[in-house]
Amino acid sequence: MKNFESSSLEAIAAALRHLDAGFSALPEFTASAPALDRIDSVLRETAERLRDNFPYFHPLYAGQMIKPPHPVARAAYALAMWINPNNHSLDGGRASSAMEKEAVAEIAGLFGWKEFLGHLTGGGTMANLEALWVAGQLKPGQTILASSAAHYTHARISGVLKLPFESIPRDDRGRLDCAALESRAARGDIGCVVATLGTTGTGAVDPLPEILRLRERFGFRVHADAAYGGYFTLAENLGPEARAAFDAAGEADSIVIDPHKHGLQPYGCGCVLFRDPVVGALYSHDSPYTYFSSDDLHLGEISVECSRAGASAVALWATQRLLPLNRGGEFAAGLTASRAAALDFAARLHEDPRWVLPFTPELDIVVWAPQAETAADASVLSRQIFERAAAENLHLALIDLPVSIFSSMTYKDNLKRVLCLRSVLMKPEHAAWIPEILNRLRGACV
Ligand SMILES: Cc1ncc(COP(=O)(O)O)c(C=O)c1O
């Protein structure tokens with residue numbers, strides 16, 4: 001195979017034989033499935049359909065926050081499919097529930113938490129929903145605040161939960177503006193402030209230490225949405241402000257971190273953590289169908305979702321066995337490398353008069369715009385370059401940003417927003433591919 005790793009297929013076959021042997025006490029039986037004899041042709045057709053995709057696995061895909069999982073995660077997930085455990089309850093997924101508890105405890109350890117409440121979720125949205133649902137129960141009817149650069153999910157979730165939501169302006173580096181937060185909080189009635197540790201658009205890290213100081217004065221809850229950025233706490237090359245924010249994350253009331261973003265996992269894997277395990281009481285419910293096989297904690301007892309893929313926990317557990325979440329370890333080196341790639345790419349763009357950059361990347365997202373006299377022209381150019389680059393197999397992303405983010409630019413028109421180019425350099429190979437990425441980007445400019 002030219003592009004895809006395939007040695008893990010052998011490893012899956014060997015592990016499957018081992019798994020099978022674990023059930024040898026049962027009378028022999030081979031599972032039958034209808035139409036199994038036609039699987040080859042359908043799978044070929046499936047592969048044909050899947051060819052219609054951007055090449056997320058390739059370093060020339062430097063667009064959205066997407067890459068395939070680590071081979072061990074893919075293999076462990078596939079292996080678990082021969083069982084298909086359901087982590088709702090120990091009745092549905094005994095081993096995978098235990099693996100989830102262990103893997104989640106390791107993630108909580110990233111923030112210094114030993115006593116906590118936490119579990120995996122279907123993704124970042126579900127994880128944030130639980131955090132805001134808990135905030136809403138503890139501070140009923142009070143307002144949720146997040147910066148205008150926070151993920152749109154917070155406004156939407158607040159709507160679902162029927163909690164009032166307000167947006168706080170961002171500063172010129174895309175971070176929550178604490179002066180604006182302070183004056184809003186002084187008016188009272190704030191239940192929870194969402195601090196984003198790594199905004200989806202630009203990778204900005206909100207000033208969590210200052211937000212926590214304001215919590216002392218105003219008594220709101222602080223929820224850290226580190227869905228994208230959370231694992232960067234392991235990076236060794238963060239700027240001082242981002243470092244301070246990640247170091248303070250353990251003081252937040254709740255944290256969301258997505259293994260399916262920077263944790264090398266397949267989609268369907270978010271994680272929510274609460275500093276105070278007592279909030280578990282808010283989830284209290286009866287399930288007349290499950291929770292019978294053990295008196296130990298069933299994960300459904302502390303999560304809003306009912307059925308959940310036990311395979312997600314299996315994949316995460318296996319990945320953390322191979323690549324523990326240690327400072328200075330191999331997994332941490334990947335985060336450091338991504339930020340280094342972003343810094344290098346940004347520095348090279350900065351040297352080229354064709355581009356303007358709003359700020360130095362805080363994590364591994366780079367945002368830049370073509371030099372132009374008006375925001376309208378810059379926007380047209382961004383789209384043209386995005387399309388031309390894609391035609392040359394360089395896949396970037398676009399982002400619509402307020403012009404105020406470019407403090408060094410005075411556009412001659414009065415437009416408030418400008419379309420920019422955006423790149424997430426989240427693959428280990430990106431650092432080595434930056435010259436080629438720049439080459440193709442230059443080619444897309446002519
Ligand atoms: C900061 C942040 N929060 C929440 C989300 C939503 O997560 P999901 O897409 O996993 O539902 C994202 C997704 O990119 C994100 O970056």
Side-chain angles (χ1 to χ4, degrees), residues 56 63-69 73 104 107 111 118-133 135 144-161 165 167-168 170 173-176 192-208 211 222-233 242 245-246 249 252 254-273 303-305 308-309 312-313 315-316 335 338-339 342 361-367 397-401 422-426:
Y56 306 117
Q64 308 288 354
M65 209 178 273
I66 303 184
K67 64 177 179 181
V104 169
I107 294 177
F111 307 104
H119 60 86
L120 300 180
T121 62
T125 299
M126 270 313 298
N128 277 301
L129 182 136
E130 293 203 23
L132 298 191
W133 174 70
I144 308 289
L145 287 183
S147 104
S148 57
H151 197 281
Y152 69 80
T153 198
H154 297 287
R156 196 151 75 157
I157 289 168
S158 302
V160 171
L161 296 170
F165 176 86
S167 167
I168 292 285
R170 58 178 119 195
R173 282 168 53 196
R175 308 168 319 157
L176 183 144
C192 182
V193 174
V194 177
T196 306
L197 302 188
T199 58
T200 318
T202 68
V205 179
D206 282 348
L208 185 57
I211 296 171
V222 172
H223 168 58
D225 180 1
Y228 146 66
Y231 286 101
F232 278 95
T233 190
F246 283 107
S254 51
I255 302 174
V256 160
I257 173 167
D258 273 2
H260 73 195
K261 294 192 170 68
H262 262 294
L264 310 176
Q265 296 309 296
Y267 283 113
C269 194
C271 178
V272 62
L273 304 165
S303 46
V304 167
E305 285 170 280
R308 262 192 313 107
S312 291
L316 183 64
L335 279 309
S338 289
R339 153 111 166 130
E362 290 201 77
L363 302 178
D364 64 358
I365 298 179
V366 185
V367 170
L398 289 167
I399 181 166
D400 180 50
L401 286 170
R422 167 174 171 266
S423 204
V424 186
L425 297 171
M426 70 190 308

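As the structure lists them, so they are numbered: ligands from 1, and atoms in each ligand from 1. The analysis underlying the following values was restricted to heavy atoms, covering all of them including side chains, and did not include hydrogens, waters or symmetry mates. Model, not experiment: these values are computed from the prediction.
Among residue pairs with one or both ends in residues 260-269, those qualifying as salt bridge (Lys or Arg N to Asp or Glu O under 4.0 Å) are D258-K261; sequence neighbours excluded.
When each atom of ligand 1 is checked for a heavy atom of G123 under 4.0 Å away, the hits are 10 (O). Under a 4.0 Å criterion applied to the non-hydrogen atoms of G124, ligand 1 contributes the atoms 7 (O), 8 (P), 10 (O), 11 (O). Short contacts between ligand 1 and N128, defined as distances under 4.0 Å to a heavy atom of the residue, involve ligand atoms 3 (N), 4 (C). Distances below 4.0 Å separate heavy atoms of D258 from the following atoms of ligand 1: 7 (O), 10 (O). Near Y228, the atoms of ligand 1 lying under 4.0 angstrom from a non-hydrogen atom of the residue are 16 (O).
No donor-acceptor distance shorter than 3.5 angstrom exists from the side chain of E362 to the backbone of A204, with no hydrogens or angles considered. Checking side-chain atoms of S312 against main-chain N and O of G268 turns up a donor-acceptor pair under 3.5 Å.
Summary of contacts: the protein heavy atom closest to atom 3 (N) of ligand 1 is D225 OD2, 2.7 Å. In terms of protein heavy atoms, atom 16 (O) of ligand 1 is closest to T200 OG1, 2.7 Å. Among all non-hydrogen protein atoms, the one lying nearest atom 12 (C) of ligand 1 is H151 CD2, 3.2 Å.
Ligand 1 is approached by H260 to a heavy-atom distance shorter than 4.0 Å. Heavy atoms of G198 come nearer than 4.0 angstrom to ligand 1 in at least one pair. Using a non-hydrogen distance threshold of 4.0 Å, H154 does not register as a contact of ligand 1.
Among the atoms of T125, some N or O lies under 3.5 angstrom from an N or O of ligand 1. Residue contacts with ligand 1: T196 is placed with no nitrogen or oxygen under 3.5 Å of a nitrogen or oxygen of the ligand (distance criterion only). An N or O contact shorter than 3.5 Å is missing between M65 and ligand 1 by distance. Considering backbone and side-chain N/O atoms, K261 comes within less than 3.5 Å of an N/O atom of ligand 1.
Considering only residues two or more places apart in sequence or on other chains, Y231 meets the ring pair (Phe, Tyr, Trp, His ring centres under 6.0 Å) condition with F331.
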Exercise for the section: Any chance you could lay out the side-chain contact (heavy atoms from CB on, under 4.5 Å) test for C271 and L120, step after step, and finish with the verdict? Expected result: CA-CA 4 Å; C271 178; L120 300 180; 4.0 Å; yes

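Between H262 and Y228, the ring planes are tilted. Angles from 30° to 60° get that label.
Shown are V193, L197, T196, L176; of these, the side chain to side chain contact (heavy atoms under 4.5 Å, CB included) with L208 is made only by L197. For the side-chain hydrogen bond (donor to acceptor under 3.5 Å, both in side chains) criterion with N128, the lone passing option out of R156, H151, H223 is H223.
Aromatic ring centroids of H154 and F165 lie 6.0 Å or more apart.
The distance from the CD atom of E130 to the CG atom of L161 is 10.5 Å, given to the nearest 0.5 Å.
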